[in-house]
Amino acid sequence: MLEGLSVMIHSFAIRFADFLVNEDAVKNENRDEYVYRFEILVEKAIVYLVFFQLAIGLKLFAATVFFLLFFMTLRGWTGGFHASTYFRCFVGTIGIYLVCVIVLIPYFKEHQVYLLFLLVIASIFVFFLHQLIILICKPKENITCRLQ
């Protein structure tokens, strides 16, 4: 179902970009970029609509807002995981959302000591990872560091 939706979004994005080119709103050499950006915009809108429909249906609006603030910010900041198709990305994102708001958030509400312990462990891990990156990437006479 979503594969067909992805094709439909892509063809609509092409028609929209062609319309912008024909109206001289954008240059023809930027057409592909506008197709891509419009596809992303529509796909994100669909995901957010599904999130908010689930939030209302599950009566978990606050947990959904919390999830969106942190997960989507983290995903945008790190680049996220890139699934091979829109359908897989959609299912993965919704799956992570459901696990977080139905399982993890209620669990950590009841077991705040475990959450605090987990956050301390994660902070220590991030600190040491950051220090390792600094050691590896220590500036050496105008040599740029590239972790590969």
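One-based numbering along the sequence shown.
V103 and L58 fall within a single hydrophobic cluster, where Ile, Leu, Val, Met, Phe, Trp and Tyr are joined by side-chain heavy atoms under 4.5 Å apart, directly or via other members. Grouping the Ile, Leu, Val, Met, Phe, Trp and Tyr side chains by contacts below 4.5 angstrom, directly or via other members, places L41 with F19. Under the 4.5 Å side-chain heavy-atom criterion for ILVMFWY residues, no single connected hydrophobic cluster contains both L49 and F67. L69 and I94 fall within the same hydrophobic cluster, where Ile, Leu, Val, Met, Phe, Trp and Tyr residues are linked whenever their side-chain heavy atoms come under 4.5 Å apart, directly or through other members. Neither V26 nor I40 shares a network with the other; the hydrophobic side chains, linked directly or stepwise wherever heavy atoms of I, L, V, M, F, W or Y lie under 4.5 Å apart, form separate groups for each.
Separation of the F66 and F71 ring centroids does not fall under the 6.0 Å cut-off.
Residue pairs meeting the side-chain hydrogen bond (donor to acceptor under 3.5 Å, both in side chains) criterion with at least one partner in residues 89-98, sequence neighbours excluded, are T64-Y97, R75-T93. Among residues at least two apart or in separate chains, ring pair (Phe, Tyr, Trp, His ring centres under 6.0 Å) pairs with a member in residues 20-48 are F12-F38, F16-F38.
Pairing each heavy atom of A13 with each of V35, the nearest pair is CB-O, 3.6 Å. Closest heavy-atom contact between E39 and I9: CA-CG2, 4.0 Å.
Remark: F52 CZ is packed, more than 12 non-hydrogen atoms of other residues, nucleotides or ligands lying under 6.0 Å away.
Under a 3.5 Å cut-off, the side chain of N22 and the backbone N or O of D18 do form a donor-acceptor pair.
Atoms CG and SG, from L60 and C100 in turn, are 12.0 Å apart once rounded to the nearest 0.5 Å. Rounded to the nearest 0.5 angstrom, D32 CG and R37 CZ are separated by 12.5 Å. To the nearest 0.5 Å, the span separating CD1 on I46 from CZ on F90 amounts to 8.0 Å.
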Practice item. Evaluate the side-chain contact (heavy atoms from CB on, under 4.5 Å) criterion for residues L20 and R31: first the C-alpha distance (whole Å), next the side-chain angles of each, then the deciding distance (0.1 Å), finally the verdict. Key: CA-CA 8 Å; L20 292 176; R31 178 186 169 274; over 6 Å; no

Exercise for review: Test H10 against I14 for side-chain contact (heavy atoms from CB on, under 4.5 Å), laying out the working first.
Suggested key: CA-CA 6 Å; H10 180 70; I14 289 172; 3.2 Å; yes

Please table the atom pairs, donor to acceptor, closer than 3.5 Å between any side-chain atom in residues 116-123 and protein atoms at least two apart or in another chain.
residue: S123; atom: OG; partner: L119; partner atom: O; Å: 2.8

